[in-house]
Protein chains: 2
Amino acid sequence: MTDANRPIHMDLSGVPDVVILRLPMYVRALSQLLDAGSEVVNSHRLGRLLRITPAQIRKDLSYFGKFGKQGQGYSVRFLRNELRRILGLDRNWSACLVGVGNLGQAIINYPGFAPEGFSVVAAFDSDPALVGKPVRDIPVRPMSDLDAVISEGEVAIGIVAVPASQAQSVIDQLVDAGVRGILNYAPVAPSVPDGIVIRNIDPALSLQSMTYYLLQDDSRPV
Amino acid sequence: MTDANRPIHMDLSGVPDVVILRLPMYVRALSQLLDAGSEVVNSHRLGRLLRITPAQIRKDLSYFGKFGKQGQGYSVRFLRNELRRILGLDRNWSACLVGVGNLGQAIINYPGFAPEGFSVVAAFDSDPALVGKPVRDIPVRPMSDLDAVISEGEVAIGIVAVPASQAQSVIDQLVDAGVRGILNYAPVAPSVPDGIVIRNIDPALSLQSMTYYLLQDDSRPV
DNA sequence: TCTTGTGAAGTGATTCACAGCT
DNA sequence: AGCTGTGAATCACTTCACAAGA
């Protein structure tokens with residue numbers, strides 16, 4: 001009962017998706033703690049920082065191993081490094097951007113990607129007026145270059161910042177070219193083949209669900 | 001058993017959050033169908049469009065009433081209007097933006113908010129160099145104006161596009177001024193009082209959880 | 001016959017509570 | 001004494017499956 005029938009926690013496909021979604025939050029909080037000079041932390045404090053219950057944090061971590069010491073807590077540095085390794089953030093990830101309009105340019109200039117090992121190595125646009133003029137050192141290429149650049153450059157991630165009407169077609173092209181993850185900013189629910197990971201960034205949907213709750217407690221005088 | 005002990009489905013606070021998060025997706029899909037000339041739809045087709053099971057859709061709708069006709073399906077127009085009403089999208093919502101840097105300007109220029117009744121009526125920045133120069137017709141004001149503009153203008157929503165270090169403080173100011181919903185683009189996990197609705201837009205977190213799955217099936221040759 | 005609306009069943013995630021280690 | 005790691009219990013969400021209406 002102690003060691004014979006161990007749980008299959010190392011079964012990687014068995015970790016719930018919600019757990020994976022929380023790990024980056026842990027990494028971020030741990031980095032902050034480290035910056036603030038904390039070398040150890042317990043699940044209670046980490047939970048307060050992220051507004052997550054301590055039990056949740058301990059359970060999440062238990063899917064991957066034992067990282068803490070009873071009575072003390074976790075080494076901030078060690079836990080952060082382990083989580084970064086688990087998430088694959090200890091390596092570099094090349095991404096390409098499709099769509100260099102307002103939004104696309106903001107994405108290229110967004111400083112939040114680089115720190116965790118993501119770099120946009122190429123950009124594409126169907127508008128000839130945009131092609132050729134680099135944005136922040138990143139060359140803007142025609143769509144016809146997409147396939148070659150992705151397959152030759154080991155680009156694993158495609159970032160989609162095109163109008164809704166073109167999004168599915170662009171995503172199909174990215175997948176065909178060999179991209180394995182899609183970060184989609186277009187307001188659509190795209191379909192991708194099995195094995196392709198997609199994340200949608202959709203502020204309009206966020207606002208539209210928010211208003212439901214704003215309607216509820218109109219108790220206070222506006 | 002038929003009518004005496006009816007379920008408390010009209011108990012508005014009893015609708016699961018996940019359901020509310022899906023309603024805007026339904027609205028969007030229904031709008032598309034309408035644009036495409038479809039007047040009726042059934043849960044199966046709507047589900048295929050959104051990659052949601054038909055049972056899920058019917059169950060979600062059942063929290064709010066009966067919108068369909070057995071044997072036929074739903075009137076696209078009617079269902080869309082009902083959902084828009086339920087979500088509060090049949091009225092106008094004023095929002096203000098804090099932070100008029102790269103990201104903030106992209107948000108102001110983002111065409112996705114206006115169609116569902118959201119309008120950014122004011123913008124604020126702590127940088128004097130940005131204050132005074134309107135961005136796309138929206139005046140940029142100093143932070144000191146924030147309180148007055150929000151309370152006088154019936155601004156219910158604050159959009160936060162400032163650096164992480166300032167985000168919590170800005171959110172506090174917005175809440176104090178009377179905003180009831182926050183759309184936060186800063187990479188932090190802010191805390192807000194009860195009754196305040198917050199939505200976080202955090203592409204970096206999305207990418208960081210994506211890579212976990214990209215590591216898993218390295219079956220194909222890269 | 002087709003499709004909704006919904007109790008009941010099933011599945012999945014969170015929280016509890018405590019044994020065990022430091 | 002303090003805190004982790006984790007089965008067990010609880011809670012929440014999804015899917016099933018079918019009665020009933022068009």
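Please read these numbers as outputs of a predicted model, since none were measured by experiment. When reading the values below, keep in mind they use all heavy atoms of this one structure, side chains included, and skip hydrogens, waters and symmetry mates. In what follows, chains carry the letters A, B, and so on, assigned in the order in which the sequence lines appear, proteins first and then strands, with residues in each chain numbered from 1.
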For the pair [X] (side chain) and [Y] (backbone), establish whether a donor and an acceptor sit closer than 3.5 Å, ignoring hydrogens and angles.
X	Y	answer
B:Trp93	B:Gly88	yes
B:Asn200	B:Asp202	no
A:Arg199	A:Leu183	no
B:Glu39	B:Ser75	no

Please give, in whole Å, the distance from [N] [atom2] to [X] [atom1]?
X	N	atom1	atom2	answer
B:Asn42	C:dG5	CG	C1'	14 Å
B:Gln72	C:dG5	CD	P	12 Å
B:Leu61	C:dT6	CG	P	11 Å
B:Leu46	C:dC2	CG	P	20 Å
A:His44	D:dG5	NE2	P	17 Å
B:Phe64	C:dT4	CZ	P	18 Å
A:Tyr26	D:dT4	OH	C1'	14 Å
A:Leu79	D:dG5	CG	P	9 Å

Once base and sugar-phosphate atoms are separated, protein heavy atoms under 4.0 Å mark nucleotides 10-18 of chain C, 5' to 3', with B, S and - as ---SSBBB-
How long is the span from the OG atom in A:Ser38 to the CZ atom in A:Arg45, to the nearest 0.5 Å?
-> 4.0 Å
OP1, OP2 of D:dG5 versus side-chain N and O of A:Tyr74: anything below 4.0 Å?
-> yes
Considering only heavy atoms and no angle criterion, is a donor-acceptor pair shorter than 3.5 Å present between the side chain of B:Gln70 and the base of D:dA20?
-> yes
Is the CZ atom of B:Arg22 crowded by more than 12 outside heavy atoms at less than 6.0 Å?
-> yes
